[in-house]
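Encoded as structure tokens, the structure appears first; notes follow it.
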Amino acid sequence: MCALSDFEVCAVTAPEALNSVVGTLYVVATPIGNLDDISARALKVLHDVPLIAAEDTRHSVRLLQHFGIATPLAACHEHNERDQGGRFLTHLLAGADLALISDAGTPLISDPGYHLVRQARAAGIAVVPVPGACALIAALSAAGLPSDRFVFEGFLPAKAVGRRARLERVKEEPRTLIFYEAPHRILECLRDLEAVFGAERPALLARELTKTFETMKGLPLAQLRAFVEADSNQQRGECVVVVAGWSAPEEADVLSSEVLRVLDLLLKEMPLKRAAALAAQITGVGKNLLYQAALTRQPEV
Ligand code: SAM
């Protein structure tokens with residue numbers, strides 16, 4: 001068997017592999033806190049495969065021990081994933097199954113596994129997802145923010161300049177945005193979100209999901225930042241930030257202050273419809289838009 005160490009070599013092997021009995025690569029989700037969240041299918045796969053590729057074997061051995069599973073583990077983390085890929089592919093091409101797990105949640109989601117999955121698929125090996133917990137989906141499912149379309153931005157850059165630049169690029173994204181953040185940067189992250197997206201943008205902090213101190217706090221960004229600033233407990237643990245997408249301001253909200261000044265003066269002197277028509281003639285702004293604006297600006301009687 002050739003040494004499979006990169007994508008090109010695997011691609012060459014693909015047709016041959018498809019014609020022989022090869023193992024299956026199972027991508028298995030594990031809990032993000034509460035161990036009861038592991039699925040019956042995940043336990044069966046982890047029990048039945050002859051080898052598990054794990055992000056941190058010392059971490060995963062505790063999970064397996066908890067469930068009485070004695071399957072051997074081999075390390076597959078971001079520093080050795082490309083090099084180890086060959087070893088795992090050799091194992092699979094020899095006809096043995098392999099399960100891939102990460103420290104928590106779904107592998108490949110801000111976790112290692114991408115290179116292995118890519119290499120395996122290129123080699124004609126069946127890659128089967130065994131779905132389960134994923135922090136971003138758990139947060140979104142209970143956030144009460146639009147969930148029909150969303151964008152997962154993963155971790156923002158650690159340095160302020162890079163973080164703000166990334167946020168600037170997505171500040172007019174209309175879909176709900178989801179970020180992962182480390183606890184020691186959550187406050188800086190919320191400050192930058194507020195500065196770039198504005199104080200009023202609805203958001204939610206999902207902290208310690210499925211664990212004892214689980215917190216789901218939904219507030220406009222300025223209030224959410226203040227809430228976290230005021231309580232150092234909120235700056236601990238694992239967190240996901242969900243932010244409402246950008247919505248274009250109503251046209252009536254973008255009238256210049258000069259146009260509104262003219263409209264207000266006329267409203268004091270004449271009926272609303274006539275004031276809107278005259279303001280339209282004076283300013284060149286559409287009559288309907290001014291009429292809508294006038295409805296919201298009429299002095300109280
Ligand atoms: N693969 C994982 C998944 O499926 O969600 C994500 C792994 S990533 C290295 C770790 C990040 O996920 C944390 O920094 C945090 O942003 C988020 N996360 C993981 N578990 C979480 C939890 N229980 N509560 C809130 N966020 C969590």
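Starting from 1, each residue takes its place in the sequence as its number. Whatever order the structure lists them in is the order used to number ligands and atoms, beginning at 1. Atoms considered below: every heavy atom in the structure, side chains included; atoms not considered: hydrogens, waters and symmetry mates.
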Distance under 6.0 Å and angle within 45° of the ring axis: does Lys217 meet both against Phe227? yes
Closest contact, heavy atoms only, Thr210 versus Asn34: OG1-N, 3.0 Å
Determine, for Arg225 against Glu229, whether the closest basic-nitrogen to carboxylate-oxygen distance falls under 4.0 angstrom. yes
Run the side-chain donor-acceptor check on residues 230-245: report pairs under 3.5 Å with partners two or more places apart or on a different chain.
{"unit_1": "Asp231", "atom_1": "OD1", "unit_2": "Asn233", "atom_2": "N", "d": "2.9"}
{"unit_1": "Asp231", "atom_1": "OD2", "unit_2": "Gln234", "atom_2": "NE2", "d": "3.4"}
{"unit_1": "Asn233", "atom_1": "OD1", "unit_2": "Arg236", "atom_2": "NH1", "d": "2.5"}
{"unit_1": "Gln234", "atom_1": "OE1", "unit_2": "Arg207", "atom_2": "NE", "d": "3.0"}
{"unit_1": "Gln235", "atom_1": "NE2", "unit_2": "Val228", "atom_2": "O", "d": "2.7"}
{"unit_1": "Glu238", "atom_1": "OE1", "unit_2": "Lys211", "atom_2": "NZ", "d": "2.9"}

Set of residues satisfying side chain to side chain contact (heavy atoms under 4.5 Å, CB included) with respect to Thr24, sequence neighbours excluded: Tyr26, Asp97, Ala126, Val128
Show me the donor-acceptor pairs, under 3.5 Å and distance only, between side chains in residues 279-287 and residues at least two apart or in other chains.
{"unit_1": "Thr283", "atom_1": "OG1", "unit_2": "Ala279", "atom_2": "O", "d": "2.7"}
{"unit_1": "Thr283", "atom_1": "OG1", "unit_2": "Val285", "atom_2": "N", "d": "3.2"}

Sorted by chain and residue number, the residues having a heavy atom closer than 4.0 Å to an atom of ligand 1 are Ile32, Ala104, Gly105, Thr106, Ile109, Ser110, Asp111, Cys134, Ala135, Phe155, Tyr180, Glu181, Ala206, Glu208, Leu209, Lys211, Glu238, Cys239, Val240
